[in-house]
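One structure is given below, encoded as structure tokens.
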2 protein chains.
Amino acid sequence: MINNIQRYISLSEEEKNYLNSICSIKHLHRGDHLLQEGAVCRYDAFVLEGSLKGYIIDPVSGREEILFLAIADWWACDLESFHSQTASSMNITAITPATVALISHSAFNELLERIPKLEKYFRIILQNHAAALQTRIYLRNAQDAKSRYKTFLQKYPALNAAIPQYLIASYLGISAEMLSKIRAQKD
Amino acid sequence: MINNIQRYISLSEEEKNYLNSICSIKHLHRGDHLLQEGAVCRYDAFVLEGSLKGYIIDPVSGREEILFLAIADWWACDLESFHSQTASSMNITAITPATVALISHSAFNELLERIPKLEKYFRIILQNHAAALQTRIYLRNAQDAKSRYKTFLQKYPALNAAIPQYLIASYLGISAEMLSKIRAQKD
DNA sequence: ATTATTTCTTGAACCAGTTCAATTTATTTC
DNA sequence: GAAATAAATTGAACTGGTTCAAGAAATAAT
């Protein structure tokens, strides 16, 4: 996590120690929930190992709509619920056994007061995140299913390797069956 | 703009004056470009009056894919191009005559150094923006065209009133013809 | 190692939404 | 306020993708 932060700002030893002191490490089994629908998102989680999915369960069909997939070196949280400390409509669950570093909401706010330059770090990763989400919307609207899958493979080979195909399909807004058929096409 | 900022942080008179001093006001005619594909996004623009669209022209079909719509009190910029000062693949154009307040890239960086608490403001609006984009992706994948339109009407009545229907259709990932038919259905 | 569970595949029927084309209605612009 | 342009509507033909169902392959659990 510290390496990730230091890609954008530099930290003193003291600051690193402080950061370490406020994070708690949690191990998740496959299927364990980091956040459940209806609960408040209490932690911002930085993924150290394994993979997680963020999704909403369709109240009618009961199907999972994948919002995001997260592997090592990514943050995973419901931004809105975490920052306003209100009930989330999202679930975050471990796809595989996973290890995450957790920062509670109060520790997060204190952290930003103690080390104000972290505002900059979070602003920058949010900028990148927003730009990526914008691109995802564009691709969803502009490209057909096959192109979206190809673009995904090119852009996120690590995600593709780590995550079951039917979850990738949902992430891309494609049915699992369609993605299977796309893969079967030679090309 | 200052009112918008003060929803999240408070500014002294001096800070307000400084902010005013670095912004330039620009009037746009209908159809004027704030940013053209291939150019670097030099300014972060805060919309004071009128409406703008951000879009990508499909290299194959030549059609506009709407990325975002902006009216008064919204920021409009290509985040990635602005922050890395690299060529944008996006266009930003005035839909109606519009007035915007512009902050150049260098002034933006200087601003954040001079008034560090603005990092917090921009972090928060980016948080909200990212959460909204996430929701847009979810709705795109989970709901059919009619539901998406209804959700849009409920969520952004001001946008709906200000923006031509065929641009809203593109924003929602619907054809203009389909949206017209949806509107014709007596609910 | 075996069993249980999850994930992936394939085919057939179907349908939500697109495309194309032609017309009508609004809105600009001079 | 007429002419020009932009925006919205409607219908018919089509298609990219979904849904359903059933079986095969892969992975996890004990």
Side-chain angles (χ1 to χ4, degrees), chain A residues 27-32 50-53 55 58 60-66 69 93-98 139-153 159-187, chain B residues 27-32 50-53 55 58 60-66 69 93-98 139-153 159-187:
Chain A
H27 296 279
L28 300 167
H29 297 114
R30 161 174 223 270
D32 281 358
S51 52
L52 307 179
K53 59 182 174 183
Y55 59 99
D58 187 290
V60 180
S61 68
R63 291 198 317 192
E64 289 183 6
E65 284 294 338
I66 296 296
L69 298 166
T93 305
I95 301 174
T96 62
L139 294 171
R140 178 68 175 89
N141 287 343
Q143 297 193 337
D144 66 13
K146 187 172 184 175
S147 307
R148 295 208 297 283
Y149 180 59
K150 282 187 176 175
T151 305
F152 174 83
L153 286 182
L159 268 188
N160 179 59
I163 310 276
Q165 195 174 304
Y166 74 102
L167 293 176
I168 292 171
S170 173
Y171 172 88
L172 293 172
I174 306 174
S175 69
E177 295 90 336
M178 188 65 208
L179 184 51
S180 174
K181 284 164 191 166
I182 286 169
R183 281 162 49 91
Q185 294 167 34
K186 39 199 156 318
D187 176 40
Chain B
H27 295 278
L28 299 168
H29 297 116
R30 163 175 223 270
D32 281 358
S51 52
L52 307 179
K53 59 182 174 183
Y55 59 100
D58 187 289
V60 180
S61 68
R63 290 199 316 194
E64 290 184 4
E65 284 294 337
I66 296 296
L69 299 167
T93 305
I95 301 173
T96 63
L139 294 170
R140 178 68 176 88
N141 288 342
Q143 296 193 339
D144 66 13
K146 188 173 185 174
S147 306
R148 296 208 296 285
Y149 180 59
K150 281 188 177 174
T151 305
F152 174 83
L153 286 183
L159 269 187
N160 180 59
I163 310 276
Q165 193 175 306
Y166 74 104
L167 294 177
I168 292 171
S170 173
Y171 172 88
L172 293 172
I174 305 174
S175 69
E177 294 90 336
M178 188 66 209
L179 184 52
S180 173
K181 284 164 192 166
I182 287 168
R183 281 162 49 90
Q185 293 167 36
K186 35 201 158 318
D187 198 35

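In what follows, chains are A, B, ... by sequence order, proteins preceding strands, each numbered from 1.
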Legend entry - Spacing between Ile95(B) atom CD1 and dT27(C) atom C1', to the nearest angstrom: 15 Å
Legend entry - Donor-acceptor under 3.5 Å (Thr96(B) side chain, Gly50(B) main chain): no
Inset, instruction - Look at Tyr166(B) and dA8(D) and indicate whether a side-chain polar atom (N or O) is within less than 4.0 Å of OP1 or OP2. - result: no
Inset, instruction - Would you tell me if any nitrogen or oxygen in the side chain of Ser180(B) comes within less than 4.0 Å of OP1 or OP2 on dA8(D)? - result: no
Legend entry - Minimum-distance nucleotide to Ala184(B) side chain [options: dA8(D), dG17(D), dT10(D)]: dT10(D)
Inset, instruction - Please determine if a side-chain N or O atom of Arg30(A) lies less than 4.0 Å away from the OP1 or OP2 oxygen of dT7(C). - result: yes
Legend entry - Heavy-atom pair with the smallest gap, counting every atom of Glu64(B) and Leu167(B): OE1-CD2, 4.0 Å
Inset, instruction - Using both distances under 3.5 Å as the test, list the Watson-Crick or G-U wobble partner of dC30(C), or none. - result: dG1(D)
Inset, instruction - Nearest whole angstrom, please: distance from the P of dA6(D) to the CG of Leu167(B). - result: 13 Å
Legend entry - Gap between atoms CD1 and P, on Ile174(A) and dT9(C) respectively (whole Å): 13 Å
Legend entry - dT18(D) phosphate, OP1 or OP2, under 4.0 Å from Arg63(A) side-chain N/O: no
Legend entry - Minimum heavy-atom distance Gly173(B)-Arg148(B), with the two atoms named: O-NH2, 3.1 Å
Inset, instruction - Identify the heavy atoms of Ile66(A) and Ser170(A) that sit nearest to each other, and give their distance. - result: N-OG, 2.9 Å
Legend entry - Between dT10(D) (P) and Gln185(B) (CD): distance, integer Å: 11 Å
Legend entry - Short side-chain N/O contact from Arg183(A) to OP1 or OP2 of dT7(C), under 4.0 Å: no
Inset, instruction - Round to the nearest Å and state the distance from Asp144(A) atom CG to dC14(D) atom C1'. - result: 16 Å
Legend entry - Nearest-nucleotide comparison on DNA chain C, the residue closer to the 5′ end among Arg148(B) and Glu177(B): Arg148(B)
Inset, instruction - Please state whether the phosphate of dT9(C), meaning OP1 or OP2, lies under 4.0 angstrom from any side-chain nitrogen or oxygen of Gln165(A). - result: yes
Legend entry - Met178(B) side-chain proximity, nearest of dA16(C), dT18(C), dG17(D): dT18(C)
Inset, instruction - Figure out the CD1/P separation between Ile182(B) and dT9(D), and round it to whole Å. - result: 11 Å
Inset, instruction - Indicate whether any N or O donor in one side chain lies under 3.5 Å from an N or O acceptor in the other, for Thr151(A) and Gln143(A). - result: yes
Inset, instruction - Whole angstrom is fine here: how far is it from CG in Leu172(B) over to C1' in dT18(C)? - result: 16 Å
Legend entry - Sugar-phosphate, base or nothing in reach of Leu179(A), heavy atoms under 4.0 Å: nothing
Inset, instruction - Return the value, rounded to whole Å, for the distance between atom CG of Asp32(B) and atom P of dT28(C). - result: 15 Å
